[in-house]
Amino acid sequence: MIKAVRGTRDLIPPDTDLWNRVEAKVRDVLARYNYHEIRTPIFEDTQLFSRSVGEETDIVSKEMFTWEDRGRAQSDKTQSLTLRPENTAGVVRAYIEHAFDKKGTLQKLYYIGAQFRRERPQKGRYRQFYQIGAEIIGPPSAGSESPARDAELLEMLATLLDEVGLRGWQLQLNSVGCAADRARYNTALREALAPVVHQMCPDCQRRAETNPLRVLDCKVPQDQPIIEKLPRILQYLDEPCREHFAAVRAMLEAVGIPYMINERMVRGLDYYTRTTFEFTHGGLGAQSAVLGGGRYDGLSESLDGPKAPGIGFAIGEDRLILALQSEGETAAEKVQAYVAPLGAGMNVHALKLARELRRAGVSADLGDESFRLKKSFELAEKAGARFIVIVGENEVASDQFAVKDLASGQQVQVARTALPAHLRNNN
Ligand code: HAM
């Protein structure tokens, strides 16, 4: 038997009802904040990710699905392609490619789609997973650098999670400063690590050389006491970065968004500057980040684009669904009516009636004239229908239908024209 590949999974009903409900709500909230959808390709030139996410990150160094794409004709070049491990790089590439900066305004772009990372699969961690993300990006003259963007984005996320119905979330906030701050912080980290790094895990020993900031990401228990004593990034911010972060915090406090500072949160991607954040949830176990994001002021330039500061986030949709389910959210959307033809020749009448109901906005399932009444009732219950509508010879002749409320057991006769209202209102 051929099965779904390790780390991938089918999303099936009733869960997909919940996925769709969440996506509809998200689109609704994002529209209210004037975001518009962008759809970028699922695969891109490998360099896009190595130059933006960073060579030294786990994502680029170990987790990408990359292949050499041979040209179809001899004149076509072989190209290294990669399934997108995240979507920010693709959005910024599109921003540059379509010369969005010429518009002079902020671009507020969102996406919903599959991402791919060859991680070790576990609960909340898949090799194909789904992100709902958004980016605010534009020239500095449009206000893209302002701490007001950070605060507006974080306020929007708090609203979005509230409206989706997630309760127990926590916002963790940090600033990783600008490139110069990080250079100074990296020097300080290297100095602090030098006398102790030999006691740490092999990954940390390597990172201490190549990218000491990543040491803070280490989850190995024995390394934690050493990491706790390392210098803290917020002490290394220059004045403009310090002021920017203070302004973000003041605005969050003014609108009443609770947060906690987590100076060890460096995030798994290299493009970040200044504000970084994660929203975590207790129902998720080890993979506790429902979403992550931050500011990336130099990213466009590093991809040969114009100066285009930006900030964005990506929700792990798989994890958002798990978190909602851990709070007792259930999925199934119930069908309102089960239309049951009773006796030979009744299929066509039932089809006509079901058509009328559906066109009037009632969700309806349709049975078959070969089913006996008992079987129709069983199927209606299995379908989770609230009502069963019997379509027999008498009903067709009188245009009055026997309608049974499967919840209360009550049965009434309802005229054809009154049916949609009856089935809708009683639901
Ligand atoms: P990220 O932190 O790598 O950031 O991913 C964002 C979220 O995607 C995570 O918090 C998690 O919920 C989910 N996620 C990541 N990997 C997996 C996985 N293997 N299985 C299930 N869920 C996963 C980014 O991707 C950035 N592009 C976010 C961003 C947008 N920053 C600025 N703009």
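Every number for a ligand or one of its atoms is a count from 1 in the order of the listing. Hydrogens, waters and symmetry mates play no part in the numbers below; they use all other heavy atoms, side chains included.
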Ring geometry between Phe116 and Phe65 (parallel below 30°, tilted from 30 to 60°, perpendicular above 60°):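 Aromatic pair Phe65/Phe116 classed perpendicular.
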
Parallel, tilted or perpendicular, as decided by the 30° and 60° cut-offs, for the rings of Phe100 and His98: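 Aromatic pair His98/Phe100 classed tilted.
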
Looking only at distance, does [X] have an N or O less than 3.5 Å from an N or O of ligand 1?
X      : answer
Ile311 : no
Glu119 : yes
Tyr111 : no
Arg125 : no
Tyr296 : no

Measuring only between side-chain heavy atoms, which start at C-beta, is [X] closer than 4.5 Å to [Y]?
X      : Y      : value
Tyr130 : Ile132 : no
Leu173 : Leu252 : yes
Tyr111 : Thr40  : no

Stepwise salt bridge (Lys or Arg N to Asp or Glu O under 4.0 Å) check, Glu239 with Arg242: CA-CA 5 Å; Glu239 205 42 41; Arg242 210 186 292 269; 3.6 Å; yes

Considering only heavy atoms of [X], which atoms of ligand 1 have at least one such atom less than 4.0 Å away?
X      : result
Leu269 : 3 (O), 4 (O)
Leu291 : 10 (O)
Glu86  : 25 (O), 26 (C), 27 (N)

Within 6.0 Å of CZ in Arg39, more than 12 heavy atoms from elsewhere: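 Open.
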
[atom]: the protein heavy-atom neighbour that sits closest, reported with distance to 0.1 Å:
atom                    : result
atom 8 (O) of ligand 1  : Gln131 NE2, 3.2 Å
atom 33 (N) of ligand 1 : Glu135 OE1, 2.8 Å
atom 4 (O) of ligand 1  : Arg267 NH2, 3.0 Å
atom 7 (C) of ligand 1  : Ala314 O, 3.4 Å
atom 12 (O) of ligand 1 : Ala289 O, 2.9 Å
atom 30 (C) of ligand 1 : Thr88 OG1, 2.9 Å
atom 11 (C) of ligand 1 : Arg319 NH1, 3.4 Å
atom 13 (C) of ligand 1 : Gly316 CA, 3.5 Å

Best match, Tyr271, Tyr126, Phe277, Phe129: closest heavy atom to atom 26 (C) of ligand 1: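 Closest candidate by heavy-atom distance is Tyr271.
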
Nearest option to atom 31 (N) of ligand 1, as decided by whichever heavy atom of Tyr130, Phe116, Tyr272 sits closest: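 Looking at heavy atoms only, Tyr272 sits closest to atom 31 (N) of ligand 1.
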
Donor + acceptor pair across side chains of Glu191, Thr187 (<3.5 Å):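 The criterion, which ignores hydrogens and geometry beyond distance, is not satisfied for Thr187 and Glu191.
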
Between Arg125 and Gln122, a side-chain donor and acceptor under 3.5 Å: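 A pair is found: one side chain offers a donor N or O, the other an acceptor, under 3.5 Å apart.
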
Reported CG-to-CG distance for the pair Leu109 and Asn87, which is rounded to 0.5 angstrom: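 Answer for the CG-CG pair, Leu109 versus Asn87, is 10.5 Å.
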
Gap separating the CG atom of Leu366 from the CG atom of Leu379, nearest 0.5 angstrom: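 Separation between the atoms: 11.5 Å.
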
ring-ring contact (aromatic ring centres under 6.0 Å, His included) partners of Tyr296, counting only residues at least two apart: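 For Tyr296 the ring-ring contact (aromatic ring centres under 6.0 Å, His included) partners, ignoring immediate neighbours, are Tyr271.
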
Sub-4.0 Å heavy-atom approach of [X] to ligand 1:
X      : answer
Gly268 : no
Glu278 : no
Gly124 : yes

Residues in side chain to side chain donor-acceptor pair (under 3.5 Å) contact with Gln224, at least two apart in sequence or another chain: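 Only Arg264 meet the side chain to side chain donor-acceptor pair (under 3.5 Å) criterion with Gln224.
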
